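Right, one structure below, let's go through it.
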Amino acid sequence: MFNRNIQRQLSTYLTDRAQGMIINKTLRFVDGNFRAQGWQDSSFKKWRGIERKGTILVKTGALRRSWNYQYATGGGVRFYNNVPYAKAHNEGFTGTVQVKAHTRNKYGKSQVFSLTDFNRNGTRKVRTVTNKVGSNQVKAHTRRVHIVQRQFAPYAGHESQTLNNSIIRELNREINIILRQ
């Protein structure tokens, strides 16, 4: 059927190089979903908007850049994200959360006159500074939370057809190259 050389090449490809290809395609796919602001499955599903200006799900970039992977047995790869809110945003969440007791600071604004800087008309420049003017103790309590699903990475039962087809196409292409030798 197959000679030993082809069997060795297929085994090497599936255990070594195929994992690298899957890692690369999956990480690029997740990053592409952040860039496109939606989930790419058989069709594109745009994420629901937000109130603040800027990119959805990217404020500091921690969620987007903290994707990692782990090699599994049999040529598999496991992807994970250690950011505590990653699962809630990717899968959506409705439920009750515990809020710990904490201190809430109060801030006020005041104007400070510059001693050395002057405007064109000769008056001193004024800048507004924010000062802490007090604080309140907040008791521990529960809060009902509803986080809308904004899927950016595949998870069990909710894989992307686009990503799966891309990986299968690449595997078939590389295996056909090995078989033609």
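Hydrogens, waters and symmetry mates are skipped; everything else that's a heavy atom, side chains included, is used. Quick caveat, the model's predicted, so the values are computed rather than measured.
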Sub-4.5 Å side-chain heavy-atom contact between V30 and F79: no

Taking the basic N atoms (NZ, or NE/NH1/NH2) and the acidic carboxylate oxygens, is any pair closer than 4.0 Å for K45 and D41? no

Between K125 and F113, is any pair of side-chain heavy atoms under 4.5 Å apart? no

Under 4.5 Å between any side-chain heavy atoms of Q70 and Y80, yes or no? yes

Y85, OH: over 12 other non-hydrogen atoms inside 6.0 angstrom: yes

Between R143 and V145, is there a side-chain heavy-atom distance shorter than 4.5 Å? yes

Residues S166 and K25: side-chain donor-acceptor under 3.5 angstrom: yes

Between W67 and F34, does the ring centre distance come in under 6.0 Å? no

Would you call Q151 and H158 a side-chain contact if the rule is heavy atoms closer than 4.5 Å? yes

Decide whether T103 and Q137 meet the rule of one side-chain donor and one side-chain acceptor closer than 3.5 Å. yes

Report yes if the side chains of H89 and I147 come closer than 4.5 Å at any heavy-atom pair, otherwise no. yes

Answer yes when R64 and D31 have at least one side-chain N-carboxylate O distance shorter than 4.0 Å, and no when they do not. yes

In the structure I gave you, are the side-chain heavy atoms of I23 and Y71 within less than 4.5 Å of one another anywhere? yes

